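First up is the structure itself, then whatever we jot down about it.
Being a predicted model, the structure only gives us computed values, none of them experimental.
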There are 2 protein chains.
Amino acid sequence: MNSSGRNPHAHQRQELGALTSRLRREARKITGPRAAILEILRHHPHPLTNKEIFAQLPAGECDLVTIYRAMRMLEQVGMVKRFDFGDGVARFELIEEGDDGHHHHLICTHCAEVVEIRECFPVEIEARIAQAYGFSAVTHRLEFFGLCPGCQK
Amino acid sequence: MNSSGRNPHAHQRQELGALTSRLRREARKITGPRAAILEILRHHPHPLTNKEIFAQLPAGECDLVTIYRAMRMLEQVGMVKRFDFGDGVARFELIEEGDDGHHHHLICTHCAEVVEIRECFPVEIEARIAQAYGFSAVTHRLEFFGLCPGCQK
DNA sequence: AATCTATTGCAAACGATTTGCATTTAAAAA
DNA sequence: TTTTTAAATGCAAATCGTTTGCAATAGATT
């Protein structure tokens, strides 16, 4: 049982080379800003906002707008997953090749700590819902909120 | 088995009088705009955006800003529940006295039709998550997306 | 090395939501 | 009922996240 298993949530860091070749395969250019952004995402197991990425970047590495554009592109080619914590700010997480990145989070409403939740429950439920209402291609968006151990009292 | 049961999703329309007295109890003034807004919400079983409410209002009844302020206030006193369908626009639904309004929706990604989902599944799951990670006061936000019967092909 | 086109930076536009402030008005007091 | 008082409104302007236009730059291909 080694650590290179296929648990999509093991968060083994993807190699930068693997990431760039993935980009190349999509006929996208590997630019300085993009490499830097991927490098940051690679080291963060939790969803990051565009601003947070921007802040991590060496000063002047690239414009905030470029990050917005890069994230949209990375989402399009399926390299990152966009999450919505309901605060009006998009967050992104790098996902593994082949994975669709579907999972959930538990967010502390006080300190904003984020826990990645491995299990995805409502999958069985989706089928039930889909057929109950005649919908197809049903997916869901689910996030949990609460007080983390450190913030309780 | 009459229709005035206590199923919180039966959507029996709340009386305007009951609504205003609820407001009065909270030491809020019953104004023209507020009565008009409540009147609209009363007749809509699905979440409405501020703009949608504005559009329903008799022309010149009140400013859009007033609606924003009213909805925030109504949310504070627990008379409406705010929903987030992930498109960057807040939606509101009137909730019954005593109810916390917690429920979910199934939204057609093509025509935006909204189905109210009565059952709330992850309640049992919340407990599991809460204790697994030591969080307290855990809640969740869950919405389903898919293609409604009419939009499939 | 030359070419071609995607990508970037910067400024400006956008859409949802909030805020400041002077004016109006519902509700409490007289 | 009139007076008083604080809350609510309208309007303009500000804010915040995100997108877009455009000319300049720079990967990738030849």
Side-chain angles (χ1 to χ4, degrees), chain A residues 16-17 19-40 47-77 79-92 112, chain B residues 16-17 19-40 47-77 79-92 112:
Chain A
L16 186 56
L19 292 171
T20 56
S21 71
R22 235 167 120 186
L23 265 191
R24 241 183 282 275
R25 213 181 311 149
E26 297 280 346
R28 308 293 181 150
K29 293 182 181 174
I30 316 299
T31 63
R34 288 181 179 176
I37 290 170
L38 288 173
E39 193 57 30
I40 302 217
L48 290 178
T49 66
N50 285 308
K51 271 196 178 160
E52 285 167 347
I53 295 173
F54 185 62
Q56 302 273 338
L57 245 30
E61 170 65 52
C62 88
D63 196 276
L64 179 56
V65 177
T66 298
I67 301 183
Y68 274 96
R69 283 194 269 233
M71 299 318 291
R72 204 136 53 90
M73 182 277 282
L74 290 172
E75 185 187 19
Q76 267 175 19
V77 305
M79 289 181 59
V80 304
K81 170 97 177 161
R82 177 189 300 258
F83 289 97
D84 176 8
F85 288 0
D87 61 352
V89 196
R91 278 159 227 267
F92 302 89
Chain B
L16 187 56
L19 292 173
T20 56
S21 70
R22 237 168 119 185
L23 266 191
R24 241 183 283 274
R25 215 181 309 149
E26 297 280 346
R28 309 293 181 148
K29 294 181 180 175
I30 315 299
T31 64
R34 290 181 177 176
I37 291 171
L38 288 173
E39 193 57 30
I40 302 219
L48 291 177
T49 66
N50 285 308
K51 271 196 176 160
E52 285 168 345
I53 295 172
F54 186 63
Q56 303 272 338
L57 244 31
E61 170 66 54
C62 87
D63 196 276
L64 180 55
V65 176
T66 298
I67 301 183
Y68 273 96
R69 284 194 267 234
M71 299 318 291
R72 204 137 52 92
M73 181 278 280
L74 289 172
E75 185 188 18
Q76 267 175 19
V77 304
M79 289 181 61
V80 304
K81 170 96 176 161
R82 177 188 299 257
F83 290 96
D84 175 8
F85 289 0
D87 61 353
V89 196
R91 277 159 228 268
F92 302 88

For Leu38(B) and dA8(D), give me the distance from atom CG to atom P, rounded to whole Å. 13 Å

If I take atom NZ in residue Lys29(B) and atom P in nucleotide dT9(D), what distance separates them, rounded to the nearest angstrom? 9 Å

Taking for each residue the nucleotide of DNA chain C bearing the nearest heavy atom, is the 5' side occupied by Ala27(A) or by Ile30(B)? Ala27(A)

Round to a whole Å and report the spacing from CG of Asn50(B) to P of dG15(C). 16 Å

Taking the side chain of Lys51(A) as heavy atoms from C-beta outward, which of dG17(D), dA8(D), dT8(C) is closest to it? dG17(D)

Please state whether the phosphate of dA7(D), meaning OP1 or OP2, lies under 4.0 angstrom from any side-chain nitrogen or oxygen of Thr31(B). no

Could you tell me how far apart Glu26(B) (CD) and dA7(D) (P) are, to the nearest whole angstrom? 14 Å

Would you indicate whether the side-chain heavy atoms of Ile37(A) and Met71(A) approach each other to under 4.5 Å? yes

Could you pull out the closest heavy-atom pair between Cys62(A) and Phe54(A), with the gap in Å? O-CE1, 3.0 Å

Does Arg28(B) have a side-chain nitrogen or oxygen under 4.0 Å from the phosphate oxygens OP1 or OP2 of dA7(D)? no

So how far off straight is the helix from dA1(C)-dT30(D) to dA30(C)-dT1(D), going by the axes through five pairs at either end, to 10°? 30°

Can you measure from CD1 (Ile40(A)) to CG (Leu48(A)) and round to the nearest 0.5 angstrom? 8.0 Å

When Arg82(A), Arg69(A), Lys81(A), Arg91(A) are each screened for salt bridge (Lys or Arg N to Asp or Glu O under 4.0 Å) with Glu75(A), the one that passes is Arg82(A)

Expected output is a numbered-order residue list: members of residues 52-67 of chain B with a heavy atom under 4.0 Å from any atom of DNA chain D. What is it? Glu61(B), Cys62(B), Asp63(B), Val65(B), Thr66(B)

Would you say the side chain of Leu74(B) lies within less than 4.5 Å of the side chain of Leu23(B), judging by non-hydrogen atoms? yes

With side chain to side chain contact (heavy atoms under 4.5 Å, CB included) as the criterion, how do Thr31(A) and Thr66(A) come out once you've worked through the C-alpha distance, each side chain's angles and the decisive distance to 0.1 Å? CA-CA 11 Å; Thr31(A) 63; Thr66(A) 298; over 6 Å; no

Where do Glu61(B) and Pro33(B) come nearest, in terms of heavy atoms and distance? OE2-N, 3.7 Å

Arg34(A) side-chain proximity, nearest of dT9(D), dA26(C), dT7(C): dT7(C)

Can you measure from CZ (Arg24(A)) to CD1 (Ile30(A)) and round to the nearest 0.5 angstrom? 4.5 Å

Hey, does Ala90(A) reach any base, or is it just sugar-phosphate, or nothing, if we go heavy atoms under 4.0 Å? sugar-phosphate

For DNA chain D, determine which residues of residues 68-77 of chain A have any heavy atom closer than 4.0 angstrom to one of its atoms, and list them numerically. Tyr68(A), Arg69(A), Arg72(A)

For the CG atom of Asn50(B) and the CZ atom of Phe92(B), what is their distance to the nearest 0.5 Å? 5.0 Å

Note, Met79(B) side chain near Glu26(B) side chain (heavy atom, < 4.5 Å): no

Starting the side chain at C-beta, find the nucleotide from dT9(D), dA27(C), dT18(D) nearest to Val89(A). dT18(D)

From CZ of Arg24(B) over to P of dA8(D), roughly how many Å is that when rounded to an integer? 13 Å

To the nearest 0.5 Å, atom CD of Glu39(A) lies from atom CG of Leu16(A) at 5.0 Å

When rounded to whole Å, the CZ to C1' distance for the pair Phe92(A) and dG17(D) reads 11 Å

Whole angstroms only, please: what is the CG-C1' distance between Leu23(B) and dA7(D)? 13 Å

Rounded to the nearest 0.5 Å, what separates atom CG in Asp84(A) from atom CZ in Phe85(B)? 12.5 Å

